[in-house]
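To start, the structure itself, in structure tokens.
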There are 2 protein chains.
Amino acid sequence: MLSSKTPDRRTTLKVRHRGAILAAARGLIDERGGPYFTVDELADRADVSRRTVFNHFASLDEIVLTLCDEALEVIIDDFIATVVAMPAGDGSRSSMFDEISHSLTTADIPGAVESMARILGEPGSDASREQTLSARAFTRAADRLLDEVLRRNPTADVLDAELLVGSLMNGVIVVVGHWIREVGIRLDGTGRAAWQGLLGTLLSSVRSGYMPLS
Amino acid sequence: MLSSKTPDRRTTLKVRHRGAILAAARGLIDERGGPYFTVDELADRADVSRRTVFNHFASLDEIVLTLCDEALEVIIDDFIATVVAMPAGDGSRSSMFDEISHSLTTADIPGAVESMARILGEPGSDASREQTLSARAFTRAADRLLDEVLRRNPTADVLDAELLVGSLMNGVIVVVGHWIREVGIRLDGTGRAAWQGLLGTLLSSVRSGYMPLS
DNA sequence: TGCACTCAGTGCAAGGGTGCACTTAGTGTA
DNA sequence: TACACTAAGTGCACCCTTGCACTGAGTGCA
């Protein structure tokens, strides 16, 4: 079990260098409107060698994905915050649905999507890289949400939870696409109202298969 | 032969860490009035491990001496600046004497001594450590001055140069002692006048053995 | 005077950063 | 279409930092 002792300097430096690489990537992305930089530029900015970049991350895409993870962390954080304030569910499918849907409603998903859009930059001519990264980021967020749901509902059927989270997050990806095409990425009242409408549609659609047994 | 290419990151980091240790020592000395800190405190301040401190310096005393070296560097720098502006000597003893004495006269030795005093701190009850470090620092400065004198006068007799530099620098140590006892370490007009008087006495005293042959 | 403690300094092994030569993929141009 | 170039990513060896257990010196106290 992890002790609470101060990590040693090796661990501290490792975390620091990894953090410096992420901060450097964020900075370059902010300056350039997207991940338009080389490994050499990133390494320079982070004040590490280019080999070190690959010691910490498997690829440049992995770095971009990690930044997207951070953008989508709001969904996980909101779930955690939400369920803390709710009575414990009974592990049933409908109970889990209620927890997750409440969280998806209160989480600032439009804000997260806007952050991700800034990270990924203007889609290229065929946008395949951006779409691939975006999908992977949502998938990772879904995995982390699933972990939290199962932690919260240890008696739940794992397959049930996996299917539920999968269908909800896949639905989120779909309605995000609709939302962007319908109103663009707008964080004002109009944009948020449109988002809530689309999300409502998603949740109603998925809920119908999740009514409490009676 | 050394190329002019940019040093690699290994070299850069090594120099940076060594510099951080020296800067940390300077900071702690400034705050505490002398070298009154532990290796752990120095390492913390420099943001390196205590082992790393000893990778760069043989001992704490070595760090203090390096700071003293920097304080006394003014003597070497002044010699280099002085001889650049003077016609080349003929490598004779009197010519070397003129170069060195001119430099000792123009160099801010009182300032250097004051810096060293700040580095070494208030002498302890028997002051042996401070005196030892001070003497070692002057000795190292003499060695560096000798190197410059020989570089400047490649045809000079090495023993002659060594004896000359040795007697002058040993003389400087002696008159610094007198100066401190007579007026204290004062950088005002009175202190500087006293210093110039003592230095003049030293140079006249040593010069008598160095008249140009005629 | 003996003991316990602190601190400087050390040897050696482990970990992480770095250098460098390399392969591969993508791109632009003649 | 072939070639040259750039850039991402890789394997491996080297270097420097770090961890840690240790010794020895100095100090304070019972």
Side-chain angles (χ1 to χ4, degrees), chain A residues 3 5-25 28-29 32 34-67 121 124-130 132-133 136, chain B residues 3 5-25 28-29 32 34-67 121 124-130 132-133 136:
Chain A
S3 84
K5 76 176 173 70
T6 302
D8 63 9
R9 265 187 70 82
R10 273 198 177 117
T11 304
T12 299
L13 290 176
K14 190 171 176 177
V15 168
R16 186 187 297 176
H17 286 133
R18 184 178 186 279
I21 292 166
L22 289 172
L28 287 163
I29 284 171
R32 303 182 183 189
Y36 314 125
F37 50 83
T38 67
V39 177
D40 282 335
E41 290 172 321
L42 176 61
D44 266 0
R45 180 69 66 96
D47 196 16
V48 297
S49 80
R50 76 190 296 281
R51 195 66 199 79
T52 301
V53 174
F54 291 106
N55 288 342
H56 287 270
F57 298 95
S59 63
L60 278 187
D61 277 357
E62 183 57 37
I63 294 168
V64 173
L65 276 171
T66 302
L67 294 180
S125 55
D126 61 2
S128 61
R129 184 185 181 219
E130 291 77 10
T132 299
L133 290 173
R136 286 172 68 192
Chain B
S3 84
K5 76 180 175 64
T6 302
D8 64 9
R9 267 189 69 82
R10 268 196 184 122
T11 304
T12 299
L13 289 177
K14 191 170 176 179
V15 168
R16 186 186 298 176
H17 287 133
R18 184 179 186 278
I21 293 164
L22 290 172
L28 286 164
I29 285 171
R32 303 181 184 189
Y36 313 124
F37 50 82
T38 67
V39 177
D40 280 335
E41 289 172 322
L42 176 61
D44 266 359
R45 180 69 65 96
D47 196 16
V48 297
S49 79
R50 77 190 297 279
R51 195 66 197 80
T52 299
V53 173
F54 291 106
N55 289 341
H56 288 271
F57 298 95
S59 63
L60 279 187
D61 277 357
E62 184 58 36
I63 294 169
V64 173
L65 277 170
T66 301
L67 294 180
S125 55
D126 59 3
S128 61
R129 185 184 179 219
E130 291 77 10
T132 300
L133 289 173
R136 285 172 68 193

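- The two residues B:Gly121 and B:Pro35 make their nearest non-hydrogen contact at N-CD, 4.2 Å.
- The nearest whole Å value for the distance from the OH atom in A:Tyr36 to the C1' atom in D:dA7 is 17 Å.
- Within the helix from C:dT1-D:dA30 to C:dA30-D:dT1, the inter-axis angle between the opening and closing five-pair segments is 20°, rounded to 10°.
- Note: CD1 (B:Ile21) to P (D:dT18) measures 9 Å, nearest angstrom.
- Rounded to whole Å, the distance from CZ on B:Arg18 to C1' on D:dC16 is 15 Å.
- Atom NE2 in A:His56 sits about 16 Å away from atom C1' in D:dG9, given to the nearest Å.
- Within the 4.5 Å cutoff, the side chain of A:Arg18 has heavy atoms near those of the A:Thr66 side chain.
- Considering only side-chain atoms of A:Leu13, the nucleotide from D:dT18, C:dT18, C:dG9 that sits closest is D:dT18.
- For C:dG17, the OP1/OP2 oxygens have a side-chain nitrogen or oxygen of A:His17 closer than 4.0 Å.
- When the P atom of D:dA25 is taken as reference, atom CG of B:Leu60 falls 17 Å away, rounded to whole Å.
- For A:Arg50 against A:Val39, the heavy-atom pair with the smallest separation is CB-CG1, 3.9 Å.
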Item to complete: For each nucleotide in nucleotides 10-15 of chain D, reading 5' to 3', give B when a protein heavy atom comes within less than 4.0 Å of its base, S when such contact involves only the sugar-phosphate, and - otherwise.
Response: BBB-BS
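- Counting heavy atoms from C-beta outward, A:Leu42 and A:Leu60 have side chains that approach closer than 4.5 Å.
- With respect to B:Asp47 and A:Arg9, a salt bridge is recorded, a charged nitrogen being found less than 4.0 Å from a carboxylate O.
- B:Thr38 comes within contact range of the sugar-phosphate backbone alone, with a heavy-atom separation under 4.0 Å but no base atom that close.
- Between the CD1 atom of B:Ile63 and the P atom of C:dC7 there is a distance of 16 Å, rounded to whole Å.
- Here the P atom of nucleotide C:dA25 and the CG atom of A:Asp61 are 16 Å apart, to the nearest Å.
- Put simply, B:Thr52 has no side-chain N or O that comes within less than 4.0 Å of OP1 or OP2 on D:dT17.
- Look at CG on A:Leu42: it is 16 Å from C1' on C:dT18, rounded to the nearest Å.
- Listed here is the closest heavy atom pair of A:Leu133 and A:Leu65: O-CD2, 3.3 Å.
- Between B:Val53 and B:Ile63, some side-chain heavy-atom pair lies under the 4.5 Å cut-off.
- Heavy-atom minimum distance, B:Ala20 versus B:Ala46: O-CB, 3.7 Å.
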Discussion item. Assess the residue pair A:Lys14 and A:Asp8 against the criterion (salt bridge (charged side-chain N to carboxylate O under 4.0 Å, His left out)); give the C-alpha distance rounded to whole Å, side-chain angles, the decisive distance to 0.1 Å, and a yes or no.
Written reply: CA-CA 10 Å; A:Lys14 190 171 176 177; A:Asp8 63 9; over 6 Å; no
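- Checking B:Asp40 against B:Arg9, the closest nucleotide of DNA chain C that is more toward the 5' end is the one next to B:Asp40.
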